[in-house]
Protein chains: 2
Amino acid sequence: MESSGCSICLLKSEVVKDLDTSELNTLGKSCVEAVFKKGETIFKQNALSSNIIYLQTGLVKLMIEGPQRIQILRLKKAPCYLGLPTTMGDKINNYSAVAIEPVSACFIDINVFKNLLRINPDFSYEIIIELCKNELKQFHRCVKLVQNEIYGRLAGNLLYFADEIYQSQEYKLPLSRSEIADMVCTSRETVSRILNSLAKDGIISISGKQIKILNKSLLEKISEKG
Amino acid sequence: MESSGCSICLLKSEVVKDLDTSELNTLGKSCVEAVFKKGETIFKQNALSSNIIYLQTGLVKLMIEGPQRIQILRLKKAPCYLGLPTTMGDKINNYSAVAIEPVSACFIDINVFKNLLRINPDFSYEIIIELCKNELKQFHRCVKLVQNEIYGRLAGNLLYFADEIYQSQEYKLPLSRSEIADMVCTSRETVSRILNSLAKDGIISISGKQIKILNKSLLEKISEKG
DNA sequence: ATAAAAATATGATGTTTATCACATTTTTAA
DNA sequence: TTAAAAATGTGATAAACATCATATTTTTAT
């Protein structure tokens, strides 16, 4: 199905504001929209990467096969690009993307995307800035993951959901206990134990997947100190 | 001290081959060379970032303050750019760079660099590719660091030195045991123990900082399986 | 060359957290 | 609505590794 509405939806994006109308039309002609249900794979690790994906709505988890188990690298929330590093950096996807909420996305052919970069330096520049910011965030995420104990790692992720995904101190966890374990690299059981322990201490309240942060400053302290 | 030799030294770089002579001259006029001894800081975390640095010769460690301790993110070997993500991605350095071998480097003003990106789309494109490749590598490094046990992490780093830094199965460790601990996120003592254990098993030989990989396939197996 | 400082080695002990085992709750599908 | 499947909770045990305590070796500076 072909989309001619790129100029409408893409203009919302920070990065795409640098494209002019004719450029957006080029994009529109080679842009294919698709929707994904929760749990569906958008692209798969080790498959050939030939598209840049613009995530219009929804929430996605990026997963990579580690030496021991699957690791959830991060979540990606619309609107944003999906698969930039893996499509531009390698022929083959270095990680998978799976919808964890209903997703609508636009598949842009890699050659069309590359051409946009070539004809529009401002667009290139914005992409460079975005890549740099992502790398910095990735450094910080990695260091926290490696150095903190599980209490701190889990606390950090609860704050990440609140501040960066939902912009609310009360939210429904987008992941199961087992997926959270894949994100903070621990066992399913330990996630249960620590969530319940944080609730017992009055720092959060839990009811199934519903989470409410009650004592944010303490949660931040746990996240920072380990 | 002003350098007019950019066109000579920079042309060796993959990325810079896309600049033409007049662009290289612009670069040369605003380029300041500097040398650093082992142990000297090239740029410091939390300081204002206003330069892109082209590393001409030498070896550098990138260090970031974690919640518990200093973490060595990776080494950077000349010729390459230094500080791209932190200079383009934030006003302030998100990590430090310290010479671990004598270094000569060229400091390029950020505005001059940005202008080069703007006037030369091929150059932008190469930078984008480099950033993407770096991010993919960082993903893999992070997952190994988080999931593997120390044997695997240390084995991985011995291979990293051999294959990516020295291109030789025999080399002098560029870091102390304590710095290696900062790289694989363990204690100084554990690094000692495991290096000696690998030597006792005949997988490597050690004499001070001199390392020789004797059984590479086994070391690779340890690195991959944990 | 020699003393002082730094780096490295190695054993003993304790903590964190994984794993196993099983119970309970929630969700899904017929 | 009910049975089956999936997700979650919780205790007991075990393993990996940090930390502490010294001892020894190597490097540095005079």
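Chain naming here is simple, since letters A, B, ... match the order of the sequence lines and numbering starts at 1 in each. As the structure is a prediction and not an experimental result, all values here were calculated from the model.
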_dC20(C) base / Glu189(A) side chain donor-acceptor hit below 3.5 Å_ =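 Counting by modelled atom types and ignoring angles, a donor-acceptor contact under 3.5 Å is found here.
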*Mark yes or no for a side-chain to base donor-acceptor pair under 3.5 Å between Arg193(B) and dT19(D), with no hydrogen or angle criteria applied.*
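Answer is yes: a donor-acceptor pair is held.
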*Test Ser223(B) against Tyr151(B) for side-chain hydrogen bond (donor to acceptor under 3.5 Å, both in side chains), laying out the working first.*
CA-CA 7 Å; Ser223(B) 167; Tyr151(B) 261 87; over 6 Å; no
When the distance from [atom1] of [X] to [atom2] of [N] is rounded to whole Å, what number comes out?
{"X": "Ile180(A)", "N": "dT17(C)", "atom1": "CD1", "atom2": "C1'", "answer": "18 Å"}
{"X": "Ile194(A)", "N": "dT8(D)", "atom1": "CD1", "atom2": "P", "answer": "15 Å"}
{"X": "Leu195(B)", "N": "dA7(C)", "atom1": "CG", "atom2": "P", "answer": "16 Å"}
{"X": "Gln68(A)", "N": "dT17(C)", "atom1": "CD", "atom2": "P", "answer": "17 Å"}

_Between Gln71(A) and Gln147(B), is there a side-chain donor-acceptor contact under 3.5 Å, judged purely by atom types and distance?_
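Checked: Gln147(B)/Gln71(A) side chains pair up, N/O donor to acceptor below 3.5 Å.
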What's the closest nucleotide to the side chain of [X] if the choices are [options]?
{"X": "Thr190(A)", "options": "dT17(C), dA18(D), dA16(D)", "result": "dT17(C)"}
{"X": "Arg188(A)", "options": "dC17(D), dG9(D), dT8(C)", "result": "dG9(D)"}
{"X": "Glu149(A)", "options": "dT16(C), dA7(C), dT8(D)", "result": "dT16(C)"}
{"X": "Thr186(B)", "options": "dA18(D), dT10(D), dT8(C)", "result": "dA18(D)"}
{"X": "Ile150(A)", "options": "dC17(D), dT8(D), dA18(C)", "result": "dA18(C)"}

*Taking everything shown except Lys77(A) itself, do over 12 heavy atoms lie less than 6.0 Å from its NZ?*
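Count over threshold, so yes.
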*Verify the ring-centre separation between Phe113(A) and Phe107(A): is it less than 6.0 angstrom?*
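Centroid distance Phe107(A)-Phe113(A): not below 6.0 Å, so no.
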